[in-house]
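Single-structure report; data block below.
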Protein chains: 2
Amino acid sequence: MLSDECGEQRAVLAIDRGCCDLQSMRCGLCAGLAGEDLHAVRAVGRRYALRRGQAVAEVTGAGTYCANLTTGILQVLRPEVDGSRTIGLVFPGEIIGDLNGGRPSDDAIVAITDAEICIYQSVDLERVADRHPSVRRALLGSAFEALSQARRWMLVLSRPSARERVAAFLVEMAGRLRGVNADQNTLELGLSRGRIGDLLGLSLETTSRQMQALARAGLIAFPQRRQVRFVNRGGLEKVAGLAFRPPTGAAV
Amino acid sequence: MLSDECGEQRAVLAIDRGCCDLQSMRCGLCAGLAGEDLHAVRAVGRRYALRRGQAVAEVTGAGTYCANLTTGILQVLRPEVDGSRTIGLVFPGEIIGDLNGGRPSDDAIVAITDAEICIYQSVDLERVADRHPSVRRALLGSAFEALSQARRWMLVLSRPSARERVAAFLVEMAGRLRGVNADQNTLELGLSRGRIGDLLGLSLETTSRQMQALARAGLIAFPQRRQVRFVNRGGLEKVAGLAFRPPTGAAV
DNA sequence: CGACAAGTTGATGATGGTCAATCCTTGTGG
DNA sequence: CCACAAGGATTGACCATCATCAACTTGTCG
């Protein structure tokens, strides 16, 4: 286990007080808020910069925090008998932690790219939400959005064949990073083949082989090892078995 | 395709006005509400009885409804090129539909046991939530709960081997039905082997074989074909690879 | 009783996991 | 700047697992 990848120390660095600089306030929670409400939320949030490999120990600990990913990608690592397994990803705009202070989990949340998060104490956020109804509405919207994404992810995982799963994974990644990356056709994976295999329930070798096969079929290319360029997105979606689905979220 | 299983007509029957009879108001949304707030929610909800096989056409249609399952189990069916596939289950207390009026989906929601749901027009619920903050808080709680369950389900699906997935499926079903069934050790599946296979990304034959194997190993028994009796739950959890996880929800 | 769907079981081939060797990339230290 | 080390990625060989096809049994409903 890389110390790089699993520093359990509180490896975060406060860079600012107040969530979301006013230039780019598309961070899920703040999007949809304005004026007084936005100000109130900003007042209780604190922005942190995470370097690749650092853990969000604050969020995983007592469960009294709630955070909002602004930029970058995080992974959720679950300890297992033989090392840890990547069981989920977090994309910009998504919320991690739990307002309700649910059972604390022993999952680690680690940045797989440099990232920025806004951290709130749950109690603070609750207090703001009590006074500003639109804040709780925004939270509810984020939660529904997260739910919709989780259910889409379940579809990826229930694909029977490895080929379909890998293709669906790439399509899903591309969809989630829409608007984040400058180049719409190139995707920075950040994850090793092994971690992707964890996510998909496949071995790292099978993951690698399937990706190679997709590349040989002319659907994708690898400018660098952890970069994917989409050459034939339609074809990829067809392999993924998602060809005729609308590209984004669906109710229930 | 059974007409029994996929009646696309509006096959619901209003049995009452007002969600949740006051005796058993543990239906997720209403739990946690009281007095004036509870009354307001009940006023805009309508309770329906679904018979096994009936579809909740109202919810899937325009996306302007939001509903709350009181009793029974529903399945979410997604149309695919070759027939439909079961892609998810809904358990009592969970919320279906979308408040935000997200993109309407063409998934069908069908009862796999007799069931009761409370249906709300999203606009009604929104209006009530605006006036009663604790209603939106309850909605938020339900959404986080659903999210936590979806993420646990993802863990089931990312298990590599068929044996583990089937065992994890059974454990998960048992956990979700806690308190619903009188007999804690017997589980009414309601789903055919094929539908279970859909959910788990397995063929129906493999599903059957794995269940037989678990039975031969003395972990479960089948009093009836679609009933499971847990003989050795600890052993089953061990096979599922979930032995050392807490039994219920975890944040993120 | 007969028809039909679900479930079980067997045989066989394709897919994916495992083990192992090699290559590529990156970072480090002389 | 180069050599070297260490992970990650790729590829191959082999074998376990799972999907598929098919026959048969069980259960249900008319």
Side-chain angles (χ1 to χ4, degrees), chain A residues 1-6 51-53 75 82-86 112 157-170 188-217 220-228 239 241, chain B residues 1-6 51-53 75 82-86 112 157-167 169 188-217 220-228 239 241:
Chain A
M1 188 156 309
L2 263 57
S3 72
D4 170 26
E5 208 170 6
C6 225
R51 301 198 66 99
R52 182 178 163 283
Q75 63 179 326
D82 47 353
S84 66
R85 224 165 62 94
T86 294
I112 63 179
L157 291 177
S158 67
R159 297 267 139 208
S161 89
R163 178 76 52 95
E164 288 181 3
R165 262 188 262 182
V166 170
F169 164 79
L170 293 171
E188 189 69 45
L189 283 178
L191 292 168
S192 73
R193 303 288 189 261
R195 291 302 181 183
I196 296 172
D198 283 350
L199 278 168
L200 301 177
L202 299 172
S203 71
L204 71 92
E205 294 93 335
T206 296
T207 307
S208 173
R209 271 188 261 261
Q210 295 306 331
M211 288 175 70
Q212 294 300 323
L214 291 172
R216 270 195 302 277
I220 57 174
F222 297 103
Q224 295 185 12
R225 271 188 156 173
R226 293 192 182 178
Q227 253 181 14
V228 177
V239 171
Chain B
M1 189 155 309
L2 264 57
S3 71
D4 171 27
E5 207 169 9
C6 225
R51 300 198 67 97
R52 182 176 164 284
Q75 64 179 326
D82 46 353
S84 65
R85 223 164 61 94
T86 293
I112 62 178
L157 291 177
S158 66
R159 298 267 138 207
S161 88
R163 177 75 53 96
E164 287 182 4
R165 263 188 263 181
V166 170
F169 164 79
E188 190 69 45
L189 284 177
L191 292 168
S192 73
R193 305 289 189 262
R195 291 301 180 183
I196 297 173
D198 283 351
L199 279 168
L200 301 178
L202 299 172
S203 71
L204 71 91
E205 295 93 334
T206 297
T207 307
S208 174
R209 270 188 260 261
Q210 294 307 332
M211 287 176 72
Q212 294 300 324
L214 291 173
R216 269 196 301 276
I220 58 175
F222 297 103
Q224 294 185 13
R225 271 188 157 174
R226 292 192 182 180
Q227 254 182 12
V228 177
V239 171

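Note that this is a predicted model, so its numbers are computed, not measured. Residue numbers begin at 1 in each chain, while the letters A, B, ... track the order of the sequences.
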Practice task
Would you mind classifying the nucleic acid contact of Gly197(A) as base, sugar-phosphate or nothing, using non-hydrogen atoms under 4.0 angstrom?
Solution key: nothing
Practice task
Scan Leu204(A) against the nucleic acid and name what it touches under 4.0 Å (heavy atoms): base, sugar-phosphate only, or nothing.
Solution key: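 Since a base atom lies under 4.0 Å of Leu204(A), the category is base.
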For the student: nearest non-hydrogen atoms of [X] and [Y], plus distance:
{"X": "Ser84(A)", "Y": "Asp198(A)", "answer": "O-OD2, 4.2 Å"}
{"X": "Met211(A)", "Y": "Ile196(A)", "answer": "SD-CD1, 4.5 Å"}
{"X": "Arg225(B)", "Y": "Arg193(B)", "answer": "O-NH2, 2.9 Å"}
{"X": "Arg52(B)", "Y": "Arg226(B)", "answer": "NH2-NH1, 3.9 Å"}

Check the distance between [N]'s [atom2] and [X]'s [atom1] and give it to me in whole angstrom.
{"X": "Leu191(A)", "N": "dG7(D)", "atom1": "CG", "atom2": "P", "answer": "19 Å"}
{"X": "Leu202(B)", "N": "dT15(C)", "atom1": "CG", "atom2": "P", "answer": "17 Å"}
{"X": "Gln224(A)", "N": "dG7(D)", "atom1": "CD", "atom2": "P", "answer": "22 Å"}
{"X": "Glu205(A)", "N": "dG8(D)", "atom1": "CD", "atom2": "C1'", "answer": "12 Å"}
{"X": "Arg226(B)", "N": "dG27(D)", "atom1": "CZ", "atom2": "C1'", "answer": "11 Å"}
{"X": "Arg52(B)", "N": "dA6(C)", "atom1": "CZ", "atom2": "P", "answer": "10 Å"}
{"X": "Glu164(A)", "N": "dA19(D)", "atom1": "CD", "atom2": "P", "answer": "12 Å"}
{"X": "Leu200(A)", "N": "dT15(C)", "atom1": "CG", "atom2": "P", "answer": "18 Å"}

Exercise for the section: Tell whether Arg225(A) reaches the base of dG7(D) with its side chain through a donor-acceptor pair below 3.5 angstrom. Expected result: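 Side chain to base: no pair below 3.5 Å.
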Practice task
Spell out yes or no: do the side chain of Arg209(A) and the base of dT18(C) have one donor N/O and one acceptor N/O closer than 3.5 Å?
Solution key: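 In this structure, the two groups form a donor-acceptor pair.
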Please tell me if [X] has a side-chain N or O lying less than 4.0 Å from either OP1 or OP2 of [N].
{"X": "Ser203(B)", "N": "dC18(D)", "answer": "no"}
{"X": "Ser208(A)", "N": "dA9(D)", "answer": "no"}
{"X": "Gln210(A)", "N": "dT15(C)", "answer": "no"}

Handout entry: Arg159(B) side-chain N/O to Glu164(B) backbone N/O, donor-acceptor pair under 3.5 Å
Key =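 Here the side-chain-to-backbone pair does not exist.
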Practice task
Assign each of Pro160(A) and Phe222(A) to its nearest nucleotide of DNA chain D by heavy atoms, then name whichever residue's nucleotide is nearer the 5' end.
Solution key: Phe222(A)
